[in-house]
There are 2 protein chains.
Amino acid sequence: MPTVSTREKIIEKADTLFYEGGFEATSFADIAAAVGISRGNFYHHFKAKDEILDAVIARRMDRTRMMLDTWQAEGAQPRDRILSFIHLLITNRTRIMAFGCPVGTLCSELAKLEHGAQHRAAQIMGLFRDWLTGQFRALGMDQQAEARAMHLLTWSQGVAVMSSAFRDETFIEREVAAITQWLDDIIDDQTRHEGRICS
Amino acid sequence: MPTVSTREKIIEKADTLFYEGGFEATSFADIAAAVGISRGNFYHHFKAKDEILDAVIARRMDRTRMMLDTWQAEGAQPRDRILSFIHLLITNRTRIMAFGCPVGTLCSELAKLEHGAQHRAAQIMGLFRDWLTGQFRALGMDQQAEARAMHLLTWSQGVAVMSSAFRDETFIEREVAAITQWLDDIIDDQTRHEGRICS
DNA sequence: GTCTATATGCAGATAGAC
DNA sequence: GTCTATCTGCATATAGAC
């Protein structure tokens, strides 16, 4: 029977605490208290704080891949799949306003700490970039697919930063509407362009 | 003779260290070493770490106001002034790639720390928002002035996060070109709109 | 695998000499 | 106004009993 191991519980709690309080500001004691184990027991599972960070990043990579796979399977059209990504801003708006984007803020923090795991954290962002690039490519935007994926990611990261700075929920809603409008505009352009080539 | 006081030196060094290493990760010892004074002397000037943060935020507010005033005086047209803002991304690209945006990353960090100074840090962002709103208003975009200021700020914050995550200098250059294009497009739209009303 | 007890170091902060 | 010496607490990390 695969009950949740202590190791997995540690990773799960550390993931949440790193997101909500930051990596540097989260202590072993915080994680141990959240899991309900002693500090000493901690070192049976992880030799150093950096090892937990590695495990948390690996967990986030796995969960991101699973989420992207779900969106891929559930979305009938590339547009629907891209909308799944955009609507993360709505679904997670309360947490985003309080703590920002989990990926963006981790990358920013590790950059300042000059932490070795910085590159691995950026790979989570890379998963989104590559998946979104695939969606725009499926829409026939071969040349501009990656640039548009990067634009959408950039816009989302900006919304996360600004909404947490100003604590404005309506801002997120307005921006999501604007992003959706942008998406439909470039899809319209693409459709017209293909029509012109065919005729 | 107004030589730079020790207090001012502390604020200046703390400003840099908070930006490059983060507020939480920067210790009194770090600042004292950078200034060249002992830790004990520190407390003659600041009673607590939070007081230094307050002073750093106040300094950043002052310097931001001065910068905006300079842009206001030097730019002949609102478009030129907005371009001054956009080109911050180019001027500071090396530091932005390494440490992100000083304002955005401070807001993000203080949000996670649930720090009381969070609101004051967001006021720096507010200075940019209000100034940019004034520029768009001067372009005749009364209704949409603030939304466009927020869009420009959001985009810039996104570029800062993404360029530091991927460490890509060419990305900043491409985005600045795209932002400039966006600016000229909405100015064109505005000009045509005014023409239509007058004719 | 989990615990208690503990080592070591550095953080923020204070007292008091010069 | 600057220093040295010191306090207290919490951080990461280890040792070893159960």
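Just so it is clear, the structure is predicted and the values come from calculations on it, not from any experiment. Quick note on labels: first sequence line is chain A, next is B, and so on, each numbered from 1.
- Minimum interatomic distance between B/Leu17 and B/Thr26 (heavy atoms only, all atoms of both residues): O-OG1, 3.2 Å.
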- What do the steps show when you test B/Arg93 against B/Glu169 for salt bridge (Lys or Arg N to Asp or Glu O under 4.0 Å), and what is the final call? CA-CA 7 Å; B/Arg93 63 186 182 276; B/Glu169 191 163 335; 2.8 Å; yes
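- If you check D/dA13, D/dC3, C/dT4 against the side chain of B/Ser38, the one that comes closest is D/dC3.
- Residue contacts shown for A/Phe28 are limited to sugar-phosphate atoms, with no base heavy atom under 4.0 Å away.
- An OP1 or OP2 oxygen of C/dC3 is reached within less than 4.0 angstrom by a side-chain nitrogen or oxygen of A/Asn41.
- Phosphate proximity of D/dG1 to B/His44: present, with a side-chain N or O under 4.0 Å from OP1 or OP2.
- Between B/Arg129 and B/Ala149, the closest heavy-atom pair is O-CB, 3.6 Å.
- Out of D/dA13, D/dC3, C/dT14, the shortest distance to the side chain of B/Tyr43 is found at C/dT14.
- Atom NE2 in A/His45 sits roughly 5 Å away from atom P in C/dT2 (whole-Å rounding).
- The distance between atom CD1 of B/Ile10 and atom C1' of D/dG1, rounded to the nearest whole Å, is 11 Å.
- Relative to the side chain of A/Ile37, the nucleotides D/dC3, D/dA13, C/dC3 differ in distance, and C/dC3 lies closest.
- None of A/Arg60, A/Glu24, A/Glu109 except one satisfies the side chain to side chain contact (heavy atoms under 4.5 Å, CB included) rule with A/Phe18; the exception is A/Arg60.
- Inspection of the A/Thr154 and A/Gln157 side chains reveals no N or O donor paired with an N or O acceptor under 3.5 Å.
- For A/Ala29, taking side-chain heavy atoms from C-beta onward, the closest of the listed nucleotides D/dA11, C/dA13, D/dT2 is D/dA11.
- Taking atom CZ of residue B/Arg39 and atom C1' of nucleotide D/dC7, one finds them 13 Å apart after rounding to whole Å.
- Note: B/Phe136 CZ to B/Asp142 CG = 13.0 Å, rounded to the nearest 0.5 Å.
- If you check residues 15-27 of chain B against DNA chain C, the residues with a heavy atom closer than 4.0 Å are B/Thr26, B/Ser27, listed by number.
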